[in-house]
Protein chains: 2
Amino acid sequence: MDDPEAEAAVPERLPTAPPLTERQRERRRRILHATAQLACRGGFEAVQMREVAESSQVALGTLYRYFPSKVHLLVATMHDQLERLHGTLRKSPPDGETAGERVAQTLMRAFGALQREPRLAEAMARALTFADRSVSPEVDQVSRQTTAIILDAIGGLEDATAARLSAVRVIEHTWLSTLITWLAGRASLAQVRADIETVCRLIDLTEAEPGRAAAPV
Amino acid sequence: MDDPEAEAAVPERLPTAPPLTERQRERRRRILHATAQLACRGGFEAVQMREVAESSQVALGTLYRYFPSKVHLLVATMHDQLERLHGTLRKSPPDGETAGERVAQTLMRAFGALQREPRLAEAMARALTFADRSVSPEVDQVSRQTTAIILDAIGGLEDATAARLSAVRVIEHTWLSTLITWLAGRASLAQVRADIETVCRLIDLTEAEPGRAAAPV
DNA sequence: ATCAAGTCTGAAACTTGTTCTACATTAGCG
DNA sequence: CGCTAATGTAGAACAAGTTTCAGACTTGAT
């Protein structure tokens, strides 16, 4: 019936971006701000739709018009925060020797940033992994953002090989998982660091697209 | 306050296993069976506590005495299913050349098994990553099981080095994440396979512990 | 067999995500 | 301007996870 294996093709209605008026963009901003604030105080469960609506001075129905579910709301919040983070990261590029080291460095920096508001991070990360098919487009967006951050750290503007893209995906998975594991108190910071460094070695095992200099083992 | 960084120490009350009577074990079995059955039909959302209670002929309050939340229930179900799976896998060990190949082979086999009941897999996997601190002991149990499966595939009975353990954790994260991503329709089977194979290379980059071939403790 | 403690049951209540309804406001347009 | 469709509002209603409670049933020890 609706098994997976519908081969990942989910355009949905992201492309349909009806231009928002000023007041609407303002409302949206207020909502995301209220969400982040509530999340900072008490994580996922403190983000209650009625509270968000009240804090952002918007009716519950309106909140649902902007974000069709709590998960959508939190994934959008993650998108928002990641954008900020990506900007920050750009300003001080990693200085590792190999691409793998640079990626590890960048991810640990990102990790540090999220650590500063652990409850917000928890809310966003849990929403992200709890998301079902109906949130796929939005989750994909976040995923593309993460990919962009990693590719930035690798540095080369070249197209990556399939092997390298696979490595990037694996790194992404690992990054999110370790984050969640740490947030749930099931892993120490040392383990997180070790795992990030471990997985980032995969980058140095893959060649960049021909014509570029890369450092194999 | 209760930030993470309480340095991952979660004994909780798993050690306190009050011996169950026969009828109790029977009830528990019925509950897990009903859960799996409902999950097979409609995934996470079809597992409704009232339904589970009714299907397993147990009062709602009793269900909650056995499993303090829906997430606990589904994580326990995963534990149950993994036990079964581990048994199956043991019977036909992987035949790859390198440890990494064997691990990849085993994980793809496990993946195949879960694919057969995608909705059940979805329910269990989502519960697992959605779990918060209150479920840490149970999630850890599942994690240990997965680790055991991977170590089995590696084959050596030797203690693994820290580097290798880190690799195993990374593989675990990747395995779960790809599963979820596939279940949500955001990745193709080919990508799953590529990512599993990619991450399993990490195993062949790490040496097994020198000399000793016995279990300490 | 009996009693106390612990378990189970059925049903209602409570919480929070989500939906719906009836009405007010706004924005774009002829 | 004045209309109309879309958007926003307040609040009730609904759904499913979780809690609570009074009373019946088991169990284990005496």
Side-chain angles (χ1 to χ4, degrees), chain A residues 13 16-32 34-35 38-39 41-77 123-124 126-128 130-135 138, chain B residues 13 16-31 34-35 38-39 41-77 123-124 126-127 130-135 138:
Chain A
R13 63 190 67 79
T16 334
L20 298 186
T21 92
E22 188 45 53
R23 310 186 45 166
Q24 287 177 319
R25 245 172 301 136
E26 182 48 39
R27 268 194 206 96
R28 190 171 194 281
R29 205 171 297 129
R30 283 206 310 274
I31 293 173
L32 289 176
T35 302
L38 286 169
R41 299 182 119 290
F44 188 90
E45 58 178 29
V47 177
Q48 302 192 353
M49 300 306 269
R50 288 175 241 259
E51 293 265 334
V52 173
E54 189 172 353
S55 292
S56 47
Q57 314 223 244
V58 133
L60 192 54
T62 305
L63 173 53
Y64 273 95
R65 178 189 290 275
Y66 281 73
F67 302 97
S69 80
K70 176 169 170 172
V71 169
H72 282 85
L73 174 57
L74 282 166
V75 171
T77 301
M124 299 186 303
R126 280 175 70 197
L128 206 60
F130 188 61
D132 69 358
R133 298 174 105 86
S134 70
V135 204
E138 288 81 2
Chain B
R13 63 190 66 80
T16 335
L20 298 186
T21 92
E22 188 44 52
R23 311 188 42 166
Q24 288 179 316
R25 245 172 301 137
E26 182 47 39
R27 267 194 206 98
R28 190 171 196 283
R29 206 170 297 128
R30 283 208 309 276
I31 292 173
T35 301
L38 286 168
R41 298 183 119 291
F44 188 88
E45 59 177 29
V47 178
Q48 303 192 350
M49 300 306 270
R50 289 175 240 259
E51 292 266 332
V52 172
E54 187 172 353
S55 292
S56 46
Q57 313 224 247
V58 132
L60 192 53
T62 305
L63 173 54
Y64 272 95
R65 178 188 290 277
Y66 281 73
F67 302 97
S69 79
K70 176 169 172 173
V71 169
H72 282 85
L73 174 57
L74 282 167
V75 171
T77 301
M124 299 187 302
R126 279 174 72 195
F130 188 60
D132 69 0
R133 298 176 103 88
S134 71
V135 204
E138 288 82 0

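A, B, ... follow the sequence lines: proteins, then strands. Residue 1 opens every chain.
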Pick base, sugar-phosphate or nothing for A:Tyr66, based on heavy-atom distances below 4.0 Å to the nucleic acid. sugar-phosphate

To the nearest angstrom, the CG-C1' distance between A:Leu63 and C:dC20 comes to 16 Å

To the nearest angstrom, the CG-P distance between A:Leu73 and C:dT18 comes to 10 Å

A:Leu38 CG to C:dT16 C1', in whole Å, measures 14 Å

**Item:** B:His72 side-chain N/O to B:Ser134 backbone N/O, donor-acceptor pair under 3.5 Å
**Value:** yes

Separation of D:dT9 atom P from A:Gln24 atom CD, nearest Å, is 11 Å

Working for side chain to side chain contact (heavy atoms under 4.5 Å, CB included), residues A:Leu73 and A:Met49 = CA-CA 9 Å; A:Leu73 174 57; A:Met49 300 306 269; 4.1 Å; yes

Worksheet entry | Note: B:Arg23-B:Glu26 ion pair, threshold 4.0 Å (strictly below) | no

Which part of the nucleic acid, if any, lies within reach of B:Val47 when heavy atoms closer than 4.0 Å are counted: base, sugar-phosphate only, or nothing?
sugar-phosphate

Once you apply a heavy-atom cut-off of 4.0 Å, does A:Thr21 come out as touching a base, just sugar-phosphate, or nothing?
nothing

Of the candidates D:dA12, D:dT18, C:dT9, the side chain of B:Tyr64 sits closest to D:dT18

note: B:Glu51, atom CD; D:dA15, atom P; distance rounded to Å ~ 13 Å

Inset, instruction - Name the nucleic acid region contacted by A:Arg50, choosing base, sugar-phosphate or nothing; use a 4.0 angstrom heavy-atom cut-off, strictly under. - result: base

From CE of B:Met49 across to P of C:dC14 the rounded distance in Å is 21 Å

Here the distance between atom C1' of D:dC25 and atom CZ of B:Arg27, to the nearest Å, is 10 Å

Winner on side-chain proximity to A:Gln48, out of D:dT9, C:dT16, C:dT19, is C:dT16

Of the listed C:dT9, C:dC8, D:dA10, the closest approach to the B:Arg65 side chain comes from C:dC8

Separation of D:dA22 atom P from B:Leu60 atom CG, nearest Å, is 18 Å

